[in-house]
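Worksheet: the structure to be examined is printed underneath.
Owing to the predicted nature of the structure, the values given are computational and were not obtained by experimental measurement. In what follows, chains carry the letters A, B, and so on, assigned in the order in which the sequence lines appear, proteins first and then strands, with residues in each chain numbered from 1.
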There are 2 protein chains.
Amino acid sequence: MQSYTEENYLKIIYHLSVISNPVQTNAIAEKIQTKAASVTDMLKKLSDKELVDYVKYQGVTLTEKGKLAAINIVRKHRLWEVFLVEKLNFKWDEVHDVAEELEHIKSTLLIERLDEFLEFPKVDPHGDPIPDQHGNFAAISFVKLNRLKVNDKGTITGVSEHSSPFLKHLEKLGLTLGKKIEVSEIIDFDGSVELSIDGNKINISREVAKHILISK
Amino acid sequence: MQSYTEENYLKIIYHLSVISNPVQTNAIAEKIQTKAASVTDMLKKLSDKELVDYVKYQGVTLTEKGKLAAINIVRKHRLWEVFLVEKLNFKWDEVHDVAEELEHIKSTLLIERLDEFLEFPKVDPHGDPIPDQHGNFAAISFVKLNRLKVNDKGTITGVSEHSSPFLKHLEKLGLTLGKKIEVSEIIDFDGSVELSIDGNKINISREVAKHILISK
DNA sequence: AAAAATTTTTAGATTTGTCTAAACTTATAA
DNA sequence: TTATAAGTTTAGACAAATCTAAAAATTTTT
Ligand SMILES: [Mn+2]
Ligand SMILES: [Mn+2]
Ligand SMILES: [Mn+2]
Ligand SMILES: [Mn+2]
C-alpha cells in the first residue's frame, strides 16, 4: 500500500508523463507545490518500492505497477467527481478539491459499488475518461478549439484546465459539455475566436480556446 | 483545523467521556491502538489548541470547542454509514472501517449536501443518533437487553458493539434494527436469554444480550 | 571546448506522530 | 502508614515528509 503522499506523486507523474517522458524533478515539484529536494527524496522512495524507474539527473518513468496504481487513483478521482455532480448537485467547478481528498479512500468494495451506483459512467464532469477496474479506458479523440478554422463545427467534449475560475467563466458563456459550436471568425488582432452557439455569437480569447476540447 | 490524527483523538475522547469523565490516558491509548506515552504527547497538543482541558495525571475533558469538533466528526461518520448502507448496499457490518476514513474529508458543502441527499436521516445503521449541523441530537432512550425480565417486550433500536463478527452474528439470528422481541426465559445456569422473535424462539448469550439496545 | 546558466542532488534540520525505557505520581494493600 | 502496584509522564530516539543551503551534474551559450 502507498501513503496519501505517495499516491499524489504517482498521480502527478502519470499526468505529466503524457506531456514528457521521463518526467523531470522540477515539473513534479511545481505541480505538487513543493521543493525539488523533496521530490528527489520521494523519487528514491518510489524507486525502492519499484513504482517508478528513476535515473539520477534524468527523471522518472512509471513502472507497470506504478502506472496501475496511478490509474486507479485517477479512476477514483473521476468517479467521485461524477458522484458529486450527479447526486449531490455540485457544479463542475466545485468538485476537484473534494475529489482530491476522496480519491485516497482505500476500499475496493466502495469504489466498485460507487461505479455501479453511478451506472458505470464513461466520462467525468470535465469530459475525462474513467478507467475501468483493470485500468482500461478508451482515449477520447479531440481537437483543441484554437486549432479549428473558420466554419469548422464540433461539440464540446472536454476541458484541459480544471480551475474553478476558468470553469465558471465557461459556464457563464454557456460553453458546457455537449454544446455544439461553429467557428464564425478568427480575429487577426489578438487571435481571439468568435463562435456561434445556441444561435448566438460570442467571442473568447485564444487562451480560453486552447483549453476547450472539440470533437466532430 | 485539526489533523487526521487529532480528529481521531477528539472523537475517541468524546465517546469515552460518556463512560467516565475525565477520560484516562490508558483508556485512550487502548482505543486508539497506541502507547500511553504517545497519548500524553497528543493531550498536551490538544490542550495547547484549547480543544481539551488537561490536568496532568488526572485525565482530559473536552472543551466546548473540542466537543463541537468531535460531534462534527461523529456526524460525518454516521452520515457516511447511512450512505453506504442505503445507497451502496453495504451490510451494517461492512461500513465502519470505510466510514473511519470518510469522516475526515473536509468539506462543509459535501456533508450538508450528503445529509440532504439522504433526506436528513436521524439515526445511522447501528441505531446511533446523527447530530445536526449545530451538533444537536435527541438522545435515544433504551435498555440493554440483558436488563429485561421474563415476559418483557420491546423493539431492537441499537447496538453498543460495532465489530463485524458481532453484527454478522446478530444478522444471522435475525436480530436487526426494528425487530420486536419478547424475553421468554432467562437460563439460570449461564445467564443466557431465550427470546421470541418472528414467532421463533432463539437463545443468545448474556454477552450478546448486553450489546443489544431495546426500546419500548 | 570552456564558461555560464539551469537543473538536480546531497547534507543537515525541522515537524508530526510514534516508540521504549526510566522516572514520577497516585491508588491500593498490607 | 509504609510498601507495592498501577497509571502517567519525561527523556531521548526514530520514521515520514518537508525545508534551506551548498555541491554536483547537465544543458546551453559563447
Ligand atoms: Mn479533478
Ligand atoms: Mn475531472
Ligand atoms: Mn461506525
Ligand atoms: Mn454507526
Results of side-chain contact (heavy atoms from CB on, under 4.5 Å) for His104(B) - residues two or more places apart only:
Tyr4(B), Glu7(B), Asn8(B)
Report all interatomic pairs (protein N or O, nucleotide N or O of nucleotides 18-21 of chain C) with separations under 3.5 Å.
unit_1	atom_1	unit_2	atom_2	d
dT18(C)	OP2	Tyr9(B)	OH	3.4
dC19(C)	OP2	Thr34(B)	OG1	2.5
dC19(C)	OP2	Lys35(B)	N	3.0
dC19(C)	OP2	Ser38(B)	OG	2.8
dT20(C)	OP2	Lys35(B)	NZ	3.2

Salt bridge (charged side-chain N to carboxylate O under 4.0 Å, His left out) pairs, two or more places apart, involving residues 113-122 of chain B
Arg75(B)-Asp115(B)
Does dT8(C) have its OP1 or OP2 closer than 4.0 Å to a side-chain nitrogen or oxygen of Asn26(A)?
yes
So, OP1 or OP2 of dT9(C): does either fall under 4.0 Å of a side-chain N or O from Thr25(A)?
yes
Protein-nucleotide distance (Ile28(B), atom CD1; dT9(D), atom C1'), rounded to Å:
14 Å
For Asp48(A), enumerate each residue passing the side-chain contact (heavy atoms from CB on, under 4.5 Å) test, keeping only those at least two apart in sequence or located in another chain.
none
Polar side-chain atom of Ser3(A) near backbone of Glu6(A) as donor-acceptor pair, under 3.5 Å:
yes
Under the rule for side-chain contact (heavy atoms from CB on, under 4.5 Å), what residues qualify as partners of Lys35(B), not counting sequence neighbours?
Ser38(B)
By ring-ring contact (aromatic ring centres under 6.0 Å, His included), which residues pair with Phe83(B), not counting sequence neighbours?
Phe83(A), Trp80(B)
Without decimals, in angstroms, what is the distance between Lys44(A) NZ and dT18(D) P?
14 Å
What is the distance, to the nearest angstrom, from the CG atom on Leu43(B) to the P atom on dT10(D)?
11 Å
To the nearest Å, how far apart are Asp48(B) CG and dT15(C) P?
14 Å
So which protein N/O to nucleotides 22-28 of chain C N/O distances come out below 3.5 Å?
none

Table please: side-chain donor-acceptor pairs of residues 54-63 of chain B below 3.5 Å, with sequence neighbours left out.
unit_1	atom_1	unit_2	atom_2	d
Thr63(B)	OG1	Glu50(B)	O	2.8
Thr63(B)	OG1	Leu51(B)	O	3.1
Thr63(B)	OG1	Gly66(B)	N	3.0

Which residue pairs satisfy the side chain to side chain donor-acceptor pair (under 3.5 Å) criterion with at least one member in residues 23-32 of chain A, sequence neighbours excluded?
none
Nearest whole Å is fine: how far is dT27(D) C1' from Gln24(A) CD?
11 Å
